[in-house]
Amino acid sequence: MSASVIELSQIEKDYPGVKPLDKVDFAVQPGEIHALLGENGAGKSTLIRVMGGVTKPNSGTITYLGKPVSWQSPKAARAAGIHVIHQELALFPELSVAENILVDAQPRGMLGLISNRARHARAAEILAQLGVDIPTHAKIDELPLADQQMVEIAKALVGDVRLLILDEPTAVIAGREVDLLFENMRRLRNEGVGIVYVSHRLEEIFEIADRVTILKDGQLVGTSPVSALTREEMITKMVGRRLSQIYPPRRAAPADGPDVLSVRNLRAGPRVRDVSLNVRVGEIVGVAGMVGSGRTEVAEAIFGTRAVDSGVIEFDGKPFERKLPKGSIGHGLGFLTESRKDDGLFLGLPISANIVAPDLDAITKRGLIDRKQERAVATRQIQDFSVATPSPDVKIGNLSGGNQQKVLFSRWSRIASKLLILDEPTRGVDIGAKVEIYRIVRRLADSGVGVLMISSELPEIVGLSDRVFVMAQGHVVGEIKGDALSEEAIMDLAVRSVEDRNAGMDQHAEPVG
Amino acid sequence: MSAIAMDIRRNRLMLSYLIVAVLLVLLAVAGGFLSDRFLTWRNIGNLLQQLIVLGMVSLGQTFVVLMGGIDLAIGSLVGALTVFLANFLEWRPDLVWLALPLALIAATGVGAINGLLTVVLRVHPLIVTLGMSSIIFGGTLMYRKEPGGSVPRAFADIAYTKVGGIPISAIVLVVIFALAGLWLQRTRTGRSIYFAGGDREAARLNGLPVDRIVVLAYALSGLCAGIAAIFLTARTGVGDPRIGVALTLQSVTPVVVGGTILAGGRGGVLGTFLGVLLVTMLNSLLNFVNVSSYYQWVIQGLIILIAVGIHSSRRK
Amino acid sequence: MTPLDTPMQRSQSISIASVFERYGLVIFLVALMVVAAIASPTFLRPANLVNVLTIAAPLGMVVVGQTFVILVRGLDLSVASLMATVAVLATAFKATTNEAIPMIFIAAIALSAMVGLVNGWLVAKRNVSPFLATLAMMIILQGARFAYTGGAPISTLPPGMGFLASGRVLGIPVNLITLAFLAIAFGIVLHRSRLGREIFMVGSNPKAAFLNGVAPDRVVILCYVICSVCAGIGGLFLLGYVGTVSNWVGQGYELDSIVAAVMGGVALSGGRGNVFAALLGVAVLVVINNLVLLLGFPIEMQLIIKGIIIIGAAAFYRTRLA
Ligand SMILES: Nc1ncnc2c1ncn2[C@@H]1O[C@H](COP(=O)(O)OP(=O)(O)OP(=O)(O)O)[C@@H](O)[C@H]1O
Ligand SMILES: [Mg+2]
């Protein structure tokens, strides 16, 4: 095997109270896709930040292209040919797609001035190479999250890259976009680029990776060819125990109780054209569909944060007028939103405050917060959801992404006594935690809560849902249940209905709203 | 939806420009109605002559605000520089060619120090520049407590000379603004001001030299303060340590009225230019129609609110 | 999964870091006072200390309010102008007897609350940047005040107003009692009450706060009202201290109050801060002022030293970039 692109040896990193990296060795060969696996908080992102010059290790050495290096800044690592796609987007929401893609390589024309035309041409070229169709003039914050992620990925195709590192790039994309990403990764691999790939979706690892390194609690578990491991072995190494069953068993008899939620002919804005669906007491209902098919917007309309144009939303058999979140929460409705950082977390506040946020009433006595009770609630939730943290007083911003998600999950599942809406509930969550979350969702359902789960991960839709509605372009195009439920059936429905629709009518571009 | 409406919805900045521009026209029309001397060449010339000082400090503030900081040392710096210039030129009126570059270098240096302090000490820029303002002001007072000094005739001329009825200072201002706009929009370094202001951490992750950008923005602010001080000294003919006191906060108003947001990363110099025009024209109009200076304040405050209040409410 | 076996031990090592951040300010204050005591024997005299505290009290009141506004990502530049306006308002009663004092207080608080309401409305409902909204308010109040006084205010005040500065109850200056009362009351509101929690939530992430059932607009407006009321009360106490009404009572307090709060660790980006730490910031500020005064430095040296110490103090315990 040829010399490594990068070789890390005995890397250590300390934070107060945590040791995310403990004597880790790691090496990437040119022309290989090297998966980095581990639970939430195992230290994957920290290792990546070390390679990318974002964080300095406390000790250990880095050898890059045969020379020892010590990055002083991300700039230095980047100049040397390391491109990192970080777990959190590093985009500028107010600026155009073109400018974001070419952030440090803006093409210059006459007099050394940036040429606007060249900029857009070059950006369009890169996007075409990636295979996506995103307008280069659009501002980032006008784009759906998946497109933003594709822009982030496009940035990797700009310069001369020797080592490409992708930290959970598929957390917010699905289907075709993932295929495009993989195509490009394979192409780069064939050109000799070394690639580090992080994902919690194991099927992706088997599809794309050559070798895999597993971390656990900041320590190296081992490196081996992907082909040498089975899925079960991988999980066992990651989690440290055997997971016999991913999805909890469904209830024997299908739920036939009353509807806790019933939506009829809902129209809400440009992306929700005609939606009818229902959730029965104690039932888990999946909502599948392409990214941008209007699923999130339906959830928002139900929760009361999006204006309803027409249609009926009945909750518990009674018409549900547009309520602010406060009203919805009061009715026992919970909504785990899609964008963790923007809509969910109070990054600067402790975990406990994040957990009790929607339910201050319960811990308020005569206007004052009962701290003892708050702590008790938080501690219980932390245990229930196995959040990896020393104490509920830790700022949530210091948790790993997956653990943040678990905290949010514990927040909403606690207050949702009737209906829990989940929008991409396991995004960025490790396999062990996923299994726990699935169990908890099923437990909630068994206790009589209705669950409406939006997800782009078809395995989890199929594995967990009792019934599934498929959405496409703002319409519910079908309902699948029982034995008919399979990934193929869902894909089929979603794709076919889009084709029908496009063939059947003259589509104009919908303004993104 | 028509293309223009779409564009405006998209580009909040355009909307700010539009509103300020409309307000400008309204003010001009109102001025024309209230006094038949308001829209004369003479008065317009006067008005243009007044632009440079506020214009330059606001431009400096624009760089810093776009980059995500704030510079509250501008006023003291301008005051200190007028004292330096007037006293230096009183001593050696023949050394104008030396005094001006010295002033500009010193100003840029002070700005760079502001930037360095925020970067190295990691202290909020509000604190750094306010502390710096206090230091500069104290230092200036140590040297001269009262207004003093004088400038040679030739130097004073730069504030008053007109070319084809248009004051040179106004031409200089427009040229500088145009260059600044070009620099911000069309050079990599200029763009990096927006990147740093939009999200400093993201800028760092994208491999931009964030610290250097910060220092550069403050240095430019200092340079602008230097240019403002040159014209101010030329106009008043004396150095006055207190002359800049009010300028600090005044420098922020046109920036924000022009649509640049204080959080950084969004806005531009065209907005600031319009903002400067608006503020200057408003002051001039209020003086013209003899509104008691007390009510001038009230009206000024209201205009600021109108300019900003109309469009900002759309952002939700 | 990390087991939760040693929560106590772990949480201690984490909180030590954060506690150190907080105590950095105390350490700095103590060091400053030691320097002051060595440099000037006068410093530790009770009379001087009381004097320092008397000066500190009105600023402290303003800082309590300013903290609320900064916590919700705002800032209030109109506090100083409001202080002067309240002082002018106090003369409007042309009262020469002390019966008018309660009236003066009620009127001052009512006016302040109204000003805060407008500020908050502009910021929360009209989405005006706090800087501009309160800057405009500052100018408007200034104009209104000057227009009312015609530039030369009279100083007809009830004789009892001086009591606000020099009066004592059980030997403790009333202004300190008032400050302590305000700080504790609002400290409880902020750090113990439900409203306080909502303030932190809105400051930390307004959108998430909304999705968790909080009404961010209402919270923001309340913060501005609290800020203005604190400033109004501070204005009356400052008036008691200076004795005569001028149009510029409190000038400089807007920036001083922000500096004090930020030195006290209140983050301008919102959602992080503590009223009592902010008051420590006030203490640092007034001790610096007193020190340079006692050292007999001329005003210009005072300014220079003050500037250096402000930057140094902030750097000492690293007020992070917003
Ligand atoms: N700046 C920081 N300060 C304190 N602790 C930190 C910091 N950054 C990371 N950590 C801690 O380091 C550990 C490793 O975090 P890291 O983000 O590397 O995990 P990860 O493997 O990427 O997890 P995930 O799959 O959830 O993204 C976590 O326990 C996290 O809480
Ligand atoms: Mg990670």
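In the text below, chain A, chain B and the rest are named by the order of the sequence lines, each starting its count at 1.
At a threshold of 4.5 Å between non-hydrogen side-chain atoms, the residues A/Asp361 and C/Arg194 count as touching. Side-chain contact between A/Trp412 and C/Asn212 is present, with at least one heavy-atom pair separated by less than 4.5 Å.
Heavy-atom distances place the side chain of C/Arg197, and not its backbone, under 4.5 Å from chain A. With a threshold of 4.5 angstrom between heavy atoms, A/Leu345 approaches chain C through N, CA, C or O but not through any side-chain atom. Of the atoms belonging to A/Glu374, it is side-chain heavy atoms, and not backbone ones, that fall under 4.5 Å from chain C. Residue A/Tyr15: no heavy atom, backbone or side chain, is found under 4.5 Å from chain C. Contacts of A/Lys341 with chain C are made by backbone atoms alone, with heavy-atom separations under 4.5 Å and no side-chain atom involved. The contact between A/Arg411 and chain C is made entirely by side chain atoms (from C-beta outward), counting heavy-atom distances below 4.5 Å.
Remark: A/Thr337 OG1 to C/Lys207 NZ distance equals 8.0 Å, nearest 0.5 Å. Of the inter-residue distances, the one linking A/Ile369 atom CD1 with C/Glu198 atom CD reads 8.0 Å to the nearest 0.5 angstrom.
Contacts with chain A were tallied for C/Gly203, C/Ala209, C/Gly271; C/Ala209 has the most, counting heavy-atom pairs under 4.5 Å.
Closest non-hydrogen pair, C/Phe210 versus A/Thr305, comes out as CE2-CG2, 3.8 Å. Contact record, A/Ile329 with C/Leu211: CD1-O, 3.7 Å, taken as the closest heavy-atom pair. Considering every non-hydrogen atom in both A/Gly348 and C/Ser204, the closest pair reads N-OG, 3.7 Å. Scanning all heavy atoms of the two residues, the minimum distance from A/Pro325 to C/Gly213 falls at CB-N, 4.0 Å.
Counted within 6.0 Å of NZ on A/Lys19, heavy atoms from surrounding residues, nucleotides or ligands total more than 12; the atom is thus considered enclosed.
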